[in-house]
Amino acid sequence: MGEVVNLNKARKARDKADAKRAAEANRLTFGRTKSERQMTQKERDRDAARLDGHKLDELE
């Protein structure tokens, strides 16, 4: 015979695991300092400018 499971505890454990997963995703998305965000933006701008500088002009 199977093991008896308290469905209320199982539901709460499932919800707690879901909340932990969502919190981890939010920490990755929003858990950066202002200086880290600015540094990343500057890197993106520099990379975009470098890429634009290497493009060849189309001949018409």
Side-chain angles (χ1 to χ4, degrees):
M1 196 166 182
E3 187 176 335
V4 176
V5 177
N6 183 336
L7 295 178
N8 194 32
K9 286 185 180 182
R11 177 185 52 82
K12 286 184 179 184
R14 183 196 65 214
D15 292 345
K16 189 173 185 178
D18 290 343
K20 280 187 177 183
R21 246 189 321 277
E24 178 65 26
N26 285 338
R27 279 193 294 274
L28 291 174
T29 304
F30 300 109
R32 299 185 332 157
T33 63
K34 184 175 182 178
S35 61
E36 288 173 338
R37 288 192 307 266
Q38 289 175 342
M39 184 174 57
T40 302
Q41 186 61 42
K42 286 180 183 179
E43 288 174 358
R44 286 182 186 157
D45 292 343
R46 186 172 3 110
D47 291 342
R50 185 178 299 144
L51 182 62
D52 287 342
H54 287 290
K55 286 184 180 179
L56 297 175
D57 293 331
E58 290 187 27
L59 300 176
E60 293 181 19

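These numbers come from a predicted model, not from an experiment.
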S.K.: As an exercise, state the distance from CZ of Arg14 to CG of Leu7, rounded to the nearest 0.5 Å.
M.R.: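 These two atoms lie 10.0 Å from each other.
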S.K.: Are the charged groups of Glu24 and Arg27 less than 4.0 angstrom apart, N to O?
M.R.: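 The answer is yes: the pair qualifies as a salt bridge.
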S.K.: List the steps, then state whether side chain to side chain contact (heavy atoms under 4.5 Å, CB included) holds for Lys9 with Lys12.
M.R.: CA-CA 5 Å; Lys9 286 185 180 182; Lys12 286 184 179 184; 5.7 Å; no
S.K.: Under the salt bridge (charged side-chain N to carboxylate O under 4.0 Å, His left out) criterion, do Asp45 and Lys42 qualify, and how do the steps go?
M.R.: CA-CA 5 Å; Asp45 292 343; Lys42 286 180 183 179; over 6 Å; no
S.K.: State whether Lys55 and Asp52 are salt-bridged, where the test is any N-O pair (Lys NZ or Arg NE/NH1/NH2 against Asp/Glu carboxylate O) under 4.0 Å.
M.R.: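 Salt bridge flag = yes for Asp52 with Lys55.
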S.K.: Rounded to the nearest 0.5 Å, how far does CD of Gln38 lie from CD of Glu36?
M.R.: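 One finds 11.0 Å between CD of Glu36 and CD of Gln38.
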S.K.: Hey, are the side chains of Arg46 and Glu43 touching, using non-hydrogen atoms and a 4.5 Å cut-off?
M.R.: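 Yes, close enough: below the 4.5 Å cut-off.
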S.K.: Where do Arg32 and Arg37 come nearest, in terms of heavy atoms and distance?
M.R.: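 Heavy atoms of Arg32 and Arg37 come nearest at O-NH1, 3.0 Å.
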S.K.: Quick test of your reading of the model: are Asp47 and Arg50 salt-bridged, counting only N-O distances below 4.0 Å?
M.R.: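 The answer is yes: the pair qualifies as a salt bridge.
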